[in-house]
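FYI, side chains are in, hydrogens and waters are out, and symmetry mates aren't considered; it's all heavy atoms of this structure. To find a chain, count down the sequence lines: A is the first, B the second, and so on, and within it residues start at 1.
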Amino acid sequence: MSQKAYNHAEIEKKWQRKWAEDGTFTTPEIPGAKKSYILDMFPYPSGEGLHVGHPKGYIATDVVARMKRMQGYDVLHPMGWDAFGLPAENFAIKNKIHPRIAVEKNIARFKEQLQNIGFSYDWNREINTTDPEYYKWTQWIFLQLYKKGLAYESFEPINWCPSCQTGLANEDLDQGKCERCGSVVEKRPMRQWMLKITDYAEQLLSGLETLEWPKSIIESQRNWIGKSEGAEIGFKVEFKKEGTRPGLIPVFTTRPDTLFGVTYLVLSPEHLWVQLATDDNHDVLENKDEVRAYVKAASEKTEIDRTDATKEKTGVQLQGVWAVNPANREKIPMYVADYVLSHYGTGAIMAVPAHDERDFEFAKKYNLPVKKVVDEKNILIDSGEFNGLDSEEAKEKITEKFGTKKTNYKLRNWVFSRQRYWGEPIPIIHCDVCGIVPVPEDQLPVVLPEVEYYAPTGTGESPLAEITEWVNTTCPTCGKLAKRETNTMPQWAGSSWYYLRYIDPKNSEQLVDSQKEKAWMPVDIYVGGAEHATRHLIYARFWHIVLHELGVISTPEPFIHLEHVGLILAEDGRKMSKRYGNVVNPDDIVHSVGADILRVYEMFMGPFNQTVAWSTASMSGPRKFIERVWRLAHESIEQDHMDSEDVLYAINKTIKKVTEDTLAFRFNTAISALMECLNIFEKEKAVSKDSLEKFILLLSPYAPHVCEELWEQLGHESGISKVNWPAWDENYLTQQNVTIPVQVNGKVRGEVSFIRDSSQQEIETLARAHENVAKYLAEMQVKKIIYIPNKLINFIW
RNA sequence: GCCCGGGUGGCGGAAUGGUAUACGCGAAGGACUUAAAAUCCUUUGCCAGCAAUGGCUUGCGGGUUCGAGUCCCGCCUCGGGCACCA
């Protein structure tokens, strides 16, 4: 082959154009016998553009997708945009352009940046969550949830960000502050749509066992769901004031075995009983004003204060009432305290200061009795008929006698509405006569109207509420005047099902054609950041399970295999951010050294799921590597050359290693193996065309442009992505000559070489003959010889 | 506090219980060049030694084993997640 300088810019443009023109990566509608659905978490197209950290995961999936295609799989490898949500709206408000226009511009920018890197996406399947043809189906899913009784309105107090002037789900908070603007969040009652994800807690939990996910993410989800098993026990409440009928307050506990140690009861400030007891119609409390004041103060506390475990516990006794411990009939005081949460369990607890740290702290402060009922050996004491029982056994027995078994989950229902413009309208109509009426499916999508002002109104209502011509409509049931729901969906909505849309992106008749769905689902490999461990990944699973129950889709879980991509930090060790001025734009790297080098470098940096700092200087390694491959292909190739044993061993070993490591997401060691193989090749005067071609095939998923170019220069007409992935030959994987260390008492004293699988006798003789080894052996008597065939020999005395 | 990961040269990192430091970066020396860049060759964990070679070394302390970065016990430390969840 004639020598030609390596010009990355020219080569990369050439092949990117060719792939697009030839439709190289167009995916079949229905895959053949072998399919692989390889998916990236789609990006949110921000105004800042991509930095070099974003494509790391995309490079990985692209490498795997390219390899799988060469292995004969039909691969679905698409890309799209998650473009609704607060950031787009805030960006638009700040820059005074319509969010739709801003999003269009951002997408164009992102797409160009991605295309410069040479990804093998099938762009015919590009999707955008803000496209009415897309969100038609997001709304359709909402209607199915509503019809199944899983969507409901609620007036519970919500988190209110005074700066964004909008309601936030708990998931949008960061330590009690607004995730977007950092303002301290207040509580404010607001009408919201909720989704009953808690109905699926058990399925979300048990489904985890079927998934090949990183342990840490499984663990996070378990934590988030927070299952705990215990008992619900009713406590009778009695009043000092005569003539008042006693009541019953149920509590949830995981320690029913400590029932005899209960010395007081605590209600959360929001507990219904507290509300009733302090209202104007009741007069059972002797210190009603004090309790009222406490409840009010608690409601004004920020989420941070309420949930800060380090702060001192506070509470107020409810004077004039007491509870009765069902186990020993003792009268115990009742308190209201904000360390008890209204949304967990029953919003009331039985306090056992001897066996619960929080209760102990509280008891100490208010001088309440501490009664120990379980000893160091976990045996019950001072517990009447249950004395002497092991605590596990006592849990069963006490529950049986005084309460009922109960399972509780930390998981809370999903606040599914935002008082915002830039989101999917919730397809609901409010009619004075018929109440809540879902928009008929044939009227979907409910299109987001064009508006002049999309900034928050400040009243807390969505800006949509001000567009009367849109809000006013007729009731689909009775035909009378009615109003549209003005809340929109959260950003999580569009991303909770997008993987289904890629399968059938243009379908306007149904969510997804079931034949196509059966053929492509589930997603075989899903890659994204660990920050989505609990939100996106749990919401998407929730919707998927429901759609599966409805028979819309065939699989019980959406994502079988999940890999999480480690962050790329800036060179200074901080996160890449405009704020720090440390952002590296992939376009600059592509321009200066090329997309192939960017790809190889990002895969070579370190373990895929680990955080690493960017180093522009270190990119010279991959650059030199690619240039050496280029030179080798032009200078050292000989058509009919007979390769040495070393070369045959190297290439076969490398095929095995690259194949296995790439599939296992160990890209860094796959590339190391290619480098080692190249080092062996370079030691030879010449390498056969066959070995070199195998090498180029192995490298091609990582550095597709340069490999396509070399492949063409080597005289091949069909593109490299259509070529079969090379197979290794086991016969070449063992070398004839082996060299092993000789140890004396576990210390290496020399090495010996011999023909593989020589007898232990022969090796022992060889080893004893070794000068340095002999020196040590002469002074001692060998007691024992450890010989690991073809690995090591160790003389012990 | 609880739950997950990590801790190996100057740096990123590699190692089914079997020669620790592969691969790459950086550094030093040399070749080519008028010179520089690029490229190529050599060296590069630490200590001693001209060398052969010897000693030490995977966060710390113990243990199991012929043999431990790897397994077990107890700590220290960094990163991430969850957190008054009864």
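Side-chain atoms of Y776(A) lie closest to rG54(B) of the nucleotides rG81(B), rU19(B), rG54(B). The side chain of K747(A) approaches rG55(B) more closely than any other nucleotide in the set rG13(B), rG55(B), rU19(B). Picking from rA86(B), rA22(B), rC84(B) the nucleotide with the shortest atom distance to the side chain of K313(A) gives rC84(B). Here rA15(B) is the nucleotide among rA15(B), rC40(B), rG55(B) with the atom lying nearest to any side-chain atom of T669(A). Comparing rC84(B), rC23(B), rG18(B) by their nearest atom to the side chain of N679(A) picks out rC23(B). When each of rG18(B), rG54(B), rG81(B) is scored by its nearest atom to the side-chain atoms of I786(A), the top-ranked nucleotide is rG18(B). The side chain of S220(A) lies closest to rG81(B) when the candidates are rC84(B), rA22(B), rG81(B). Across rC40(B), rG12(B), rC4(B), the shortest atom-to-atom separation from the side chain of R628(A) is found for rC40(B).
rG9(B): glycosidic angle within 90° of 0, hence syn.
An OP1 or OP2 oxygen of rA14(B) is reached within less than 4.0 angstrom by a side-chain nitrogen or oxygen of N668(A). K775(A) has no side-chain polar atom (N or O) that falls below the 4.0 Å cut-off from OP1 or OP2 of rA52(B).
L272(A) CG to S342(A) OG: the interatomic distance, rounded to the nearest 0.5 Å, is 11.0 Å.
Between I597(A) and K624(A), the closest side-chain pair of non-hydrogen atoms is not below 4.5 Å.
Among the atoms of the strands shown, none is found under 4.0 Å from any heavy atom of D359(A).
With the nearest nucleotide of RNA chain B identified for both N408(A) and N794(A), N794(A) has the one nearer the 5' end. The residue among S228(A) and F604(A) whose nearest nucleotide of RNA chain B lies closer to the 5′ end is F604(A).
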